[in-house]
Peer 1: 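Structure in structure tokens, see below.
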Amino acid sequence: MTGEPDILNEAARLRRSGRKAALATVISTWGSSPRPVGSHLLVDETGAMQGSVSGGCIEGAVVHEAMKVMAEGEPRLLSFGVTDEMAWEVGLACGGRVDVYVEPLE
Amino acid sequence: MKAETLERLNALRADKQPCALVTDLKTGLQAIVHAGGTHGGFALFPEDEETVLRRIVEDRSGIVEEGDQRLFVQVFAPPLRLLLVGAVHIAQALVPMAALAGYAVTIIDPRRAFATDERFPDVTLSDAWPDEGLAALAPDRRTAVVTLTHDPKLDDPALLVALRSPAFYVGSLGSRKTHAKRVARLLEAGLTEAEIARLHAPVGLDIGAVTPAEIGVSILAEITQALRRQVSAAPAGG
């Protein structure tokens, strides 16, 4: 089983509460990456997040993009190259790439 | 994601139905695919639907590219379980192998001398009578059931529950001769021939296994085959 299914239940709860939210999903990875395909990050309108799409190095950028996705109501496809230096930061032996799909919860 | 899509997805997951969320990365439209059909914002080509159903069985999420279409398929597969009836020698060999293959294993055996923590460390043990124990664990589409006791008093009640459950695999240890007698008893007990036909017996692939470990290999191999080849046997979506 991939991903964190609980995040989707959280997403449903957030949506029912009437708050805006966006869901980010890892859709592909190259080389070493800390989180597998299907991993979720849930971001609400205050910028609060649950789950993860990396070891912590791209979450900030994803939250930033998620706010735009919520404002515009349109999904975005993000691509992150993990440089050797950043990869070292998150404990990886080599660089990699992570593609993340961010969609609004309607 | 539309509210309706999210709610349907969560309902299928709660119901432990293997399913997939398909996102068209160009348009953002989404559909949910499972054995019971396809729902959602866009129509999948039959060949794409087949690809998604195969990926559900393989528990393989990822991007599917076809022409200029780019789909992300996220598979939601409930955890695999193996329920063993009989805390016997073969179970001791089979349990660690099944755990390696990703199964959460539970052993049911009301005979206290067999089902001990010393013989089976790190395994969930149930001392319930096999039919009650199995019914309580509610075998689903991601569950395999194997009876290993050789004792009709214990195996038969378990089979009566397992063969009427959605378990993807039900197997029973015993020779061809004991199997013929077992079929007669199960018919007598009210199972239909179709239900009995689901039973894998003698259990395991025929690889000439002799030792408990080898028999464990043959059983796990047959369970794997049943799990991964389900797509050809599954009813067409619709």
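Lettering of chains follows the sequences in order, A, B, ..., and the numbering in each one begins at 1. Both backbone and side-chain heavy atoms feed into the values below; hydrogens, waters and symmetry mates do not.
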Peer 1: Which atom pair, heavy atoms only, marks the closest approach of B:Arg13 to A:Leu8?
Peer 2: NH2-CB, 3.3 Å
Peer 1: Less than 4.5 Å to any heavy atom of chain B: does that hold for the side chain of A:Thr25, its backbone, both, or neither?
Peer 2: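 Contact with chain B involves the side chain of A:Thr25 alone.
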Peer 1: Once you round to the nearest 0.5 Å, how far does CG of A:Asp99 lie from CD1 of B:Ile63?
Peer 2: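 Spacing of CG (A:Asp99) from CD1 (B:Ile63) equals 6.5 Å.
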Peer 1: Does any N or O in the side chain of A:Asn9 come within less than 3.5 Å of the main-chain N or O of B:Asn10, such that one atom is a donor and the other an acceptor?
Peer 2: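 Pair absent, no side-chain N/O of A:Asn9 close to backbone of B:Asn10.
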Peer 1: Does A:Glu103 reach the main-chain N or O of B:Met1 with its side chain, forming a donor-acceptor pair under 3.5 Å?
Peer 2: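 Yes; at least one donor-acceptor contact below 3.5 Å.
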Peer 1: With a 4.0 Å cut-off on N to O distance, would you call A:Arg16 and B:Glu7 a salt bridge?
Peer 2: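 Counted as a salt bridge, because a side-chain N and a carboxylate O are separated by less than 4.0 Å.
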Peer 1: Under the side chain to side chain contact (heavy atoms under 4.5 Å, CB included) test, which residues partner B:Glu132, sequence neighbours left out?
Peer 2: B:Trp129
Peer 1: Just verifying a value: how many Å separate A:Ser39 OG and B:Gln74 CD, rounded to the nearest 0.5 Å?
Peer 2: 8.5 Å
Peer 1: Please report the C-alpha distance between B:Arg60 and A:Val37 in whole Å, then the side-chain angles of each, then the deciding distance to 0.1 Å, and finally whether the side chain to side chain contact (heavy atoms under 4.5 Å, CB included) criterion is met.
Peer 2: CA-CA 9 Å; B:Arg60 195 157 59 91; A:Val37 168; over 6 Å; no
Peer 1: If every non-hydrogen atom of A:Leu77 is compared with every non-hydrogen atom of B:Arg70, which pair is closest and at what distance?
Peer 2: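 So the minimum-distance heavy-atom pair works out to CD2-NH1, 3.7 Å.
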Peer 1: If the condition is side chain to side chain contact (heavy atoms under 4.5 Å, CB included), which residues does B:Val217 pass it with, not counting sequence neighbours?
Peer 2: B:Met97, B:Ile207
Peer 1: Please identify each residue that fulfils side chain to side chain contact (heavy atoms under 4.5 Å, CB included) with B:Thr224, with sequence neighbours left out.
Peer 2: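 Listed in chain order: B:Leu220, B:Arg228.
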Peer 1: Which bit of B:Thr5 is near chain A, if near means a heavy-atom gap under 4.5 Å: side chain, backbone, both or neither?
Peer 2: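 No part of B:Thr5 comes within 4.5 Å of chain A.
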Peer 1: For chain A, find its close neighbours in residues 25-33 of chain B: heavy-atom separation under 4.5 Å, sorted by number, or none.
Peer 2: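 Residues of residues 25-33 of chain B touching chain A at under 4.5 Å: B:Leu25, B:Gly28, B:Gln30.
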Peer 1: Tell me, side chain or backbone of A:Leu105 under 4.5 Å from chain B's heavy atoms, or both, or neither?
Peer 2: both
Peer 1: Mind ranking A:Ser28, A:Pro75, A:Pro104 by heavy-atom pairs under 4.5 Å with chain B and telling me who comes out on top?
Peer 2: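 Greatest number of close heavy-atom pairs with chain B: A:Pro104.
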Peer 1: Please flag which part of B:Leu9 lies under 4.5 Å from any non-hydrogen atom of chain A: side chain, backbone, both or neither.
Peer 2: side chain
